[in-house]
2 protein chains.
Amino acid sequence: MENRQRLDDILKEVEASPTLEALQTASEALRDALGVDHLVYHWVDSTGEQYGCGTYSDEWVDRYLECNYLRIDPVISGCLQQFQPLDWRELDWTPKALAAFRQEAMSYGLGNQGFSVPIRGPNGQFALFTVNANRNDEAWDDFIVANGHALILIAQIFNQKAIEFEPGRTPQQVQPLSPREVEAMAMLSKGYSRAQIASLLNISEHTLRVYIEGARFKLGALNTTHAVARAIGRGLVTP
Amino acid sequence: MENRQRLDDILKEVEASPTLEALQTASEALRDALGVDHLVYHWVDSTGEQYGCGTYSDEWVDRYLECNYLRIDPVISGCLQQFQPLDWRELDWTPKALAAFRQEAMSYGLGNQGFSVPIRGPNGQFALFTVNANRNDEAWDDFIVANGHALILIAQIFNQKAIEFEPGRTPQQVQPLSPREVEAMAMLSKGYSRAQIASLLNISEHTLRVYIEGARFKLGALNTTHAVARAIGRGLVTP
DNA sequence: TTGCGCCTCCCCATATCTGGGGAGTAGATA
DNA sequence: TATCTACTCCCCAGATATGGGGAGGCGCAA
């Protein structure tokens, strides 16, 4: 269990020095401490800007971006649809993805096994923390049992640090929606039409319209759909 | 650090026996191990169904539900808007919430300090893991420094167990959206009108409509706003 | 080869939403 | 007490979205 102590030390350093460079050097240190081939932290902030640090080779990163593999990467689509930590073996490897993508990845030095921890924030933040190694199935099982918890924790700590870099921390004070406005957004997000909502809430359709317009205004939205999307993003409504 | 070992043991038991009762007994064991007054895990699944386990008194839970405090609880609204772990002192305690809510809570045995770890899933799952105790500010600072990481980990483990209980694990195979359909949903969620999107994507407005209708159908949505909400919920689009 | 899914285009009519105005009540806040 | 916000209601006209029909080309897979 001295390994654990070593991980703790590295993470403490990360927490003390919140810079992108610190995450980068920590990635390398953690990779060695864990004994894996690669360790990557990839992060999309609320403006859609992407950041990344990790131990993939520059060639692979360039190739990945160039081919827009983001769109076909099963790791990405898998992690977008669930948010538990994910063993790459559980993924849906279509023949295309397997041939065109995974084999190519291995030629760039990636291992055959992977484990990714997805994290999602309410404003579209999405982070992915991945370790990658060349192992057989049994060895990988053992690795995950031994280190799964630590990986989740590392992902959280990286994530907290990443949040601090966020440029658009939206210090602009947000207009809180009134209860009725929230209610309207919630009903809209469930697919009800204005007429239905009005009758369900026992108010006139026009009154409902006032709420929707109020919500649109307070959320800075261009139309109702936009307002609902923002309400969801702000956590006022659960989708 | 024997405390840490004790936490580990309790968590291992939780992982071995994934039942709601196990979470309940673990809550009590963890409360004692951590030396706090209360420990609660509250969880909303993708259907909107709510579950909870923890050490609050039944009277307080009843009172809370009866008064629909969910709507005014600053802990809830705070955690819905950010997804980092949250010290209750950072919350926005309006006079009303303070008077009507917090003081009443303390009369039901809650402590003055709290720390909550929010977790969000892509299908509307929302979980909140909270510890609560009666401490002065310095003691609470020390507690969080000492146990913050452990709390995050506990929240994750509770969450993974809770996911296994989910009834609507939606074994129904989901229809994947085509790239164009996803694109349409993404633009709609940003507030663009159909005409704008069509011209931005360089396609006729009617073609765009076909995509939107396709997405609506595949997402089982009643209208466009509903479809966008579901696309967001499914993680196809970031709000 | 024959499907199947995806992408692209067009017509029409109707339902629904949006934008602009105004106005009264109650409750909380200052 | 004065003011502000939230809530409720009404008018109208124009913009926008929706529903239903049909049709051709392209690529992938059984």
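Within every chain, numbering begins at 1; the chains are lettered A, B, ... in the order of the sequence lines, protein sequences first and strands thereafter.
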Q: Select base, sugar-phosphate, or nothing to describe what B/Thr207 touches, counting heavy atoms under 4.0 Å on all strands.
A: base
Q.
Evaluate B/Arg209 against B/Glu213 for salt bridge (charged side-chain N to carboxylate O under 4.0 Å, His left out), listing each step before the verdict.
A. CA-CA 6 Å; B/Arg209 240 184 62 192; B/Glu213 277 168 22; 3.5 Å; yes
(Q) Can you list everything that forms a ring pair (Phe, Tyr, Trp, His ring centres under 6.0 Å) with A/Tyr192? Sequence neighbours excluded, please. (A) none
Q: May I ask you to decide if A/Asn134's main-chain N or O and A/Asp37's side chain share a donor-acceptor pair within less than 3.5 Å?
A: yes
Q: Quickly work out the A/Ile212 CD1 to C/dC17 P distance and round it to whole Å.
A: 7 Å
Q. Between A/Lys218 and D/dT5, is there a side-chain N or O to OP1/OP2 distance below 4.0 Å?
A. no
Q) Between C/dC7, D/dA17, D/dA6, which one does the side chain of A/Pro179 approach most closely? A) D/dA6
(Q) Going by salt bridge (charged side-chain N to carboxylate O under 4.0 Å, His left out), name the residues that satisfy it together with A/Asp142, two or more places apart in sequence or in a different chain. (A) none
Q.
Whether the side chain of A/His38 engages the backbone of A/Gly109 through a donor-acceptor N/O pair (distance < 3.5 Å, no angle test) should be reported.
A. yes
Q | Rounded distance (Å) that lies between atom P of C/dC6 and atom CG of B/Leu201 | A | 17 Å
Q | Whole-Å distance separating the CD1 atom of B/Ile203 from the C1' atom of C/dC9 | A | 11 Å
Q.
Taking only side-chain N and O atoms of A/Ser204, does any of them lie within less than 4.0 angstrom of OP1 or OP2 on D/dC9?
A. yes
Dump every N/O contact between nucleotides 19-22 of chain C and the protein below 3.5 Å, one line per pair.
{"from": "C/dG19", "atom 1": "OP2", "to": "A/Arg216", "atom 2": "NH2", "distance (Å)": "2.7"}
{"from": "C/dG19", "atom 1": "N7", "to": "A/Arg209", "atom 2": "NH2", "distance (Å)": "2.9"}
{"from": "C/dG19", "atom 1": "O6", "to": "A/Arg209", "atom 2": "NH1", "distance (Å)": "2.5"}
{"from": "C/dG19", "atom 1": "O6", "to": "A/Arg209", "atom 2": "NH2", "distance (Å)": "2.7"}
{"from": "C/dG20", "atom 1": "O6", "to": "A/Arg209", "atom 2": "NH2", "distance (Å)": "2.6"}

Q) To the nearest Å, how far apart are B/Arg180 CZ and C/dC7 C1'? A) 8 Å
Q: Please state how far atom CD in A/Gln196 lies from atom C1' in C/dT16, giving the value in whole angstrom units.
A: 12 Å
Q | Rounded interatomic separation in angstrom, taking CG from A/Leu208 and C1' from D/dA6 | A | 15 Å
Q | Under 3.5 Å donor-acceptor, B/Thr55 side chain and B/Leu39 backbone | A | yes
Q: Using atom CD of B/Glu183 as one end and atom P of C/dC7 as the other, report the distance to the nearest whole Å.
A: 9 Å
Q.
For C/dC7 and B/Ser178 - does any side-chain N or O of the residue sit under 4.0 Å from the phosphate oxygens OP1/OP2?
A. yes
Q. Does the side chain of A/Asn136 pick up a donor-acceptor pair with the side chain of A/Gln113 at under 3.5 Å?
A. no
Q) Rounding to a whole Å, what distance do you find between B/Ile197:CD1 and D/dT16:P? A) 13 Å
